Asks: 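Sharing a structure here in structure tokens format.
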There are 2 protein chains.
Amino acid sequence: MTKLSEDDLAAVSSLRAAVMRLSRRLRHQRVDESLSPTEMSVLGTLARCGSATPGELARKEHVQPPSMTRIVAMLEGKGLVRRDPHPEDRRQVVVSQTEQAEAMLAESRRKRNVWLAQLAEGLTDEEWATLREAAPVLEKLAHL
Amino acid sequence: MTKLSEDDLAAVSSLRAAVMRLSRRLRHQRVDESLSPTEMSVLGTLARCGSATPGELARKEHVQPPSMTRIVAMLEGKGLVRRDPHPEDRRQVVVSQTEQAEAMLAESRRKRNVWLAQLAEGLTDEEWATLREAAPVLEKLAHL
DNA sequence: GGCTTTCGTTAGCGTAGGTAATGAGATAGT
DNA sequence: ACTATCTCATTACCTACGCTAACGAAAGCC
């Protein structure tokens with residue numbers, strides 16, 4: 001980035017508002033009834049990375065450690081995640097997903113498909129393409 | 001939209017996660033300390049539309065009426081908003097922004113400029129252009 | 001071998017949303 | 001015209017999900 005135009009300013013305003021509104025909708029129009037968006041996100045991260053300690057997960061999700069503890073406890077209670085002692089460092093814990101989580105993610109992907117189909121009706125191909133392009137940039141922005 | 005590819009599915013997944021993470025950051029890295037993101041959003045809507053009833057605002061922000069009542073009360077308490085009786089329908093209330101809100105929005109825009117400058121360092125011009133393009137589409141998506 | 005640091009966790013709090021119930025005013029039915 | 005229903009805003013209460021502070025156990029460092 002080199003320069004900030006007035007348009008940029010307007011864009012960031014509208015981006016901010018849209019992200020907040022959208023997040024609100026996502027939060028309670030969740031495709032899976034029993035899992036909060038953040039829990040889903042953790043499960044997704046776990047699916048990508050295999051396994052991680054609570055601390056690592058907290059950093060990745062931009063959440064404080066105590067919050068991650070509670071999220072992991074929730075997931076463990078639902079049998080979606082396993083907590084094993086770290087082989088070398090006995091302070092740490094290794095969190096990894098269960099086969100049940102794998103199945104749930106597949107099912108959730110299917111449901112998301114339906115949800116997506118409804119949503120997609122309101123967007124043109126160009127708009128959709130724009131979003132596909134923007135997704136990784138938003139990821140990057142979220143991690144600053 | 002015509003068809004849903006595997007890529008679309010992956011994109012919506014990452015979009016979802018990114019929006020949630022970003023919203024979390026926005027929520028507490030707010031540029032204006034005293035106003036919540038939703039309150040800012042309401043003020044923005046009001047700036048665009050001039051004035052509206054609480055019900056209309058609730059629909060636009062995708063929030064339930066009682067929540068909007070509380071938000072408006074907050075804003076009124078801070079002198080940023082005025083509540084007048086509706087001329088024809090005495091059940092309704094007309095909410096409109098004060099001059100003070102106007103000044104605050106200008107100040108907030110200035111602060112956002114600084115925040116934006118920091119943020120922009122991490123993005124390339126192309127990425128930024130992508131976000132500018134995506135902002136209105138996200139707006140549309142947020143309104144279904 | 002004691003001091004500091006780094007984990008995960010527990011305890012308690014705050015914020016921002018939601019649902020259910022209420023009351024005043026508008027609207028429709030007969 | 002009067003009652004019944006419906007709508008709008010509001011009040012009261014509840015829940016979800018994040019935070020900070022405090023703590024105990026394990027690791028690393030003089």
Side-chain angles (χ1 to χ4, degrees), chain A residues 17 19-30 32-43 51-78 81-96 142, chain B residues 17 19-30 32-43 51-78 81-96 142:
Chain A
V19 165
M20 290 313 300
R21 275 194 279 260
L22 198 52
S23 77
R24 216 158 29 231
R25 305 204 66 185
L26 283 174
R27 187 170 296 280
H28 95 330
Q29 263 189 222
R30 49 188 70 161
D32 188 292
E33 289 303 323
S34 61
L35 247 49
S36 87
T38 309
E39 289 167 340
M40 277 302 282
S41 188
V42 168
L43 234 44
S51 62
T53 69
E56 287 168 353
L57 286 173
R59 275 188 293 277
K60 281 184 190 171
E61 299 293 327
H62 285 288
V63 156
Q64 294 304 307
S67 304
M68 191 48 71
T69 291
R70 206 146 26 79
I71 290 169
V72 168
M74 204 67 109
L75 291 174
E76 192 185 20
K78 285 173 183 157
V81 128
R82 205 176 35 242
R83 289 169 69 249
D84 297 309
H86 192 284
E88 292 133 29
D89 190 337
R90 272 182 296 176
R91 292 171 305 179
Q92 299 189 49
V93 169
V94 177
V95 181
S96 46
Chain B
V19 165
M20 289 314 300
R21 275 193 278 259
L22 197 53
S23 77
R24 223 169 10 242
R25 305 204 68 185
L26 283 174
R27 185 169 297 280
H28 95 331
Q29 262 188 222
R30 48 186 71 158
D32 188 291
E33 289 303 322
S34 62
L35 246 50
S36 86
T38 310
E39 288 168 341
M40 277 302 283
S41 187
V42 168
L43 232 46
S51 61
T53 68
E56 287 168 353
L57 286 173
R59 276 188 293 277
K60 280 184 189 170
E61 299 292 328
H62 287 287
V63 156
Q64 294 303 307
S67 304
M68 190 48 70
T69 291
R70 207 149 18 82
I71 290 168
V72 168
M74 203 67 108
L75 290 174
E76 193 185 20
K78 287 172 182 157
V81 128
R82 206 176 33 243
R83 290 169 66 251
D84 297 308
H86 192 285
E88 293 133 27
D89 189 338
R90 272 181 297 175
R91 293 170 304 177
Q92 300 190 50
V93 169
V94 177
V95 181
S96 45

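These numbers were taken from a predicted model, which means no experiment stands behind them. By convention in this document, chain letters (A, B, ...) are assigned in the order of the sequence lines, proteins followed by strands, and residues within each chain are numbered from 1.
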Asks: Which letters describe nucleotides 10-21 of chain C, given B = protein heavy atom under 4.0 Å from base, S = only from sugar-phosphate, - = neither?
Replies: B-----SBBBB-
Asks: Nearest whole Å is fine: how far is dT5(C) P from Gln92(A) CD?
Replies: 18 Å
Asks: Suppose we screen for salt bridge (Lys or Arg N to Asp or Glu O under 4.0 Å). Which residues come up paired with Arg91(B), at least two apart in sequence or across chains?
Replies: Asp89(B)
Asks: Give a yes or no answer on whether the side chain of Arg90(B) reaches the backbone of Pro85(B) with a donor-acceptor pair at less than 3.5 Å.
Replies: no
Asks: In whole angstrom, what separates Met40(A)'s CE from dA16(D)'s P?
Replies: 18 Å
Asks: Let me know the distance between CD of Glu56(B) and P of dC8(D), rounded to the nearest Å.
Replies: 10 Å
Asks: What side chain to side chain donor-acceptor pair (under 3.5 Å) pairs are there with at least one residue in residues 56-69 of chain B, not counting sequence neighbours?
Replies: Arg21(A)-Glu61(B), Ser41(B)-Glu61(B), Thr45(B)-Glu61(B)
Asks: Could you pull out all residues at least two apart from Met20(A) that satisfy side chain to side chain contact (heavy atoms under 4.5 Å, CB included)?
Replies: Ser23(A), Ser23(B), Leu26(B), Arg27(B), Pro37(B)
Asks: Look for any protein N or O under 3.5 Å of an N or O in nucleotides 24-27 of chain D and output each such pair with its distance, or none.
Replies:
{"residue": "dA27(D)", "atom": "OP1", "partner": "Glu88(A)", "partner atom": "O", "Å": "3.4"}
{"residue": "dA27(D)", "atom": "OP1", "partner": "Arg90(A)", "partner atom": "N", "Å": "3.0"}

Asks: Using the test side chain to side chain contact (heavy atoms under 4.5 Å, CB included), find all partners of Glu39(A) that sit at least two apart in sequence or belong to another chain.
Replies: Leu35(A), Ser36(A), Ile71(A), Met74(A), Leu75(A), Lys78(A)
Asks: Might you point out which heavy atoms bring Glu88(B) and His86(B) nearest each other, and give the distance in Å?
Replies: N-ND1, 3.1 Å
Asks: Sequence neighbours left out, what passes side chain to side chain donor-acceptor pair (under 3.5 Å) with Ser96(A)? Give chain and number order.
Replies: Arg82(A)
Asks: Is any side-chain heavy atom of Val95(B) less than 4.5 Å from a side-chain heavy atom of Met68(B)?
Replies: no
